[in-house]
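First the proteins, then the strands, lettered A, B, ... as listed; each starts at 1. As a basis for the values below, the full set of heavy atoms in this structure was taken, side chains included, without hydrogen atoms, waters or symmetry mates.
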Protein chains: 2
Amino acid sequence: MTHSSELLKGTLQTIVLKVLKDYGKTYGYEITQRVKALSDGSIALTEGALYPTLHKLEAEGFLKTEKIIVGKRVRKYYMLTLLGKSEAKDRVSEFIDFMRTMGAVLQVEINRQ
Amino acid sequence: MTHSSELLKGTLQTIVLKVLKDYGKTYGYEITQRVKALSDGSIALTEGALYPTLHKLEAEGFLKTEKIIVGKRVRKYYMLTLLGKSEAKDRVSEFIDFMRTMGAVLQVEINRQ
DNA sequence: ATTGATACATAATTCACTTAGGCATAAGAC
DNA sequence: GTCTTATGCCTAAGTGAATTATGTATCAAT
């Protein structure tokens, strides 16, 4: 395990919420693929982390689900609730603040455009 | 506890190494004060996290220590070893990569200048 | 004298995540 | 045809960095 994977901790909920905000109705496996693509292969979400997180966000009222039968398999789509949309926005703002703060602490110039 | 404090996880070693790189010989309590100042009050390192981290970084050969008697109290100064200097640089680079990747995933424009 | 700041340290607990399973269908390689 | 890889969901045990809770002691200020 690299040190950078340590940095990833605490970002999973934010990532999931933002992906659902940007892409709408998405299923678990698809989220892993999107994040892998967006991160140029460097972020590989593990199922052991992803599924419990989806369930938790749903239990908190941020996500709602819809099951679709594809062939003989069940696919579970997740989408943001109204509350979830607001939460997604908040979490991204929070992340931007965090980056700015860390930029100051680490004396790295960071600008959001 | 806010969600942003969750984001902070995994950054402590990087912060400590970078502060020691930028300020040279520094003691534990001083590190908490510097980080608080640099982060405009938003990052308050807890002693329960800081001291074990300092001990661990020392055990790994990244830090060396020097005890100074101030009045009747012992103050323990930490400074980077040669290995620690290189590690500090690597960790900051890693953090910059992480921010860039997260910027891409969260569709937030981030530029380092 | 009592509070708050300075200064170190350890121990129990928490909790997000990793690791390791389990189950099943679909597609492609050989 | 069967073997591997990809698709697709899930839970449970274990890990480890953090929080929370203490403990000890000096110093300055009111």
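Here B:Y27 does not reach the OP1 or OP2 of C:dC8: none of its side-chain N or O atoms lies under 4.0 Å away. Side-chain N/O atoms of A:Y51 include none lying less than 4.0 angstrom from OP1 or OP2 on D:dC10. For the OP1/OP2 pair of D:dC9 and a distance below 4.0 Å, the side-chain nitrogens and oxygens of A:H55 include no atom meeting the criterion. Side-chain N/O atoms of A:R75 include one lying less than 4.0 angstrom from OP1 or OP2 on D:dG8. Contact annotation: A:K76 reaches the phosphate of D:dC10 (side-chain N/O to OP1 or OP2, under 4.0 Å). Listed pair A:K56 / C:dA16 meets the phosphate criterion, a side-chain N or O lying under 4.0 Å from OP1 or OP2.
Here the side chain of A:T53 is nearest to one of D:dA6, C:dC17, D:dT11, namely C:dC17. When distances are taken from the side chain of A:E47 to each of D:dC9, C:dC17, D:dT26, the shortest belongs to D:dC9. In the set C:dC17, C:dT25, D:dT11, C:dT25 carries the atom at the smallest distance from any side-chain atom of A:R73. Considering only side-chain atoms of A:K72, the nucleotide from D:dA17, C:dA26, D:dC27 that sits closest is C:dA26.
Remark: the backbone N or O of A:A44 is not paired with any side-chain donor or acceptor of A:K36 at under 3.5 angstrom. Without hydrogens or angle criteria, A:T26 side chain to A:G24 main chain gives a donor-acceptor distance under 3.5 Å. Between the side chain of B:T81 and the backbone N or O of B:G61 there is at least one donor-acceptor pair closer than 3.5 Å.
Atom P of nucleotide C:dA16 and atom CG of A:L7 are separated by 18 Å, given to the nearest angstrom. Rounded to an integer number of Å, the gap from CG of A:L54 to P of D:dG8 is 15 Å. The NZ atom of B:K9 sits 15 Å away from the C1' atom of C:dT18 (whole-angstrom rounding). Residue B:E60 contributes atom CD, which lies 13 Å from atom C1' of D:dG16 at whole-angstrom precision. Between the P atom of D:dC9 and the NZ atom of A:K67 lies a distance of 11 Å, rounded to the nearest Å. The CG atom of A:L50 sits 14 Å away from the C1' atom of D:dT11 (whole-angstrom rounding). With rounding to whole Å, A:E30 atom CD is found 8 Å from D:dG8 atom P. Distance CG (A:L57) to P (C:dC17): 10 Å, rounded to an integer number of Å.
Base engagement by B:G48 is indicated by at least one non-hydrogen atom pair under 4.0 Å involving a base atom.
The NZ atom of A:K89 sits 13.5 Å away from atom CG of A:L80, with the distance rounded to the nearest 0.5 Å.
Nearer to the 5' terminus of DNA chain C, by closest-nucleotide assignment, is the contact made by A:A44 (compared with the other of A:V70 and A:A44).
The pair B:K64-B:E58 does not count as a salt bridge, with every side-chain nitrogen at least 4.0 angstrom from each carboxylate oxygen.
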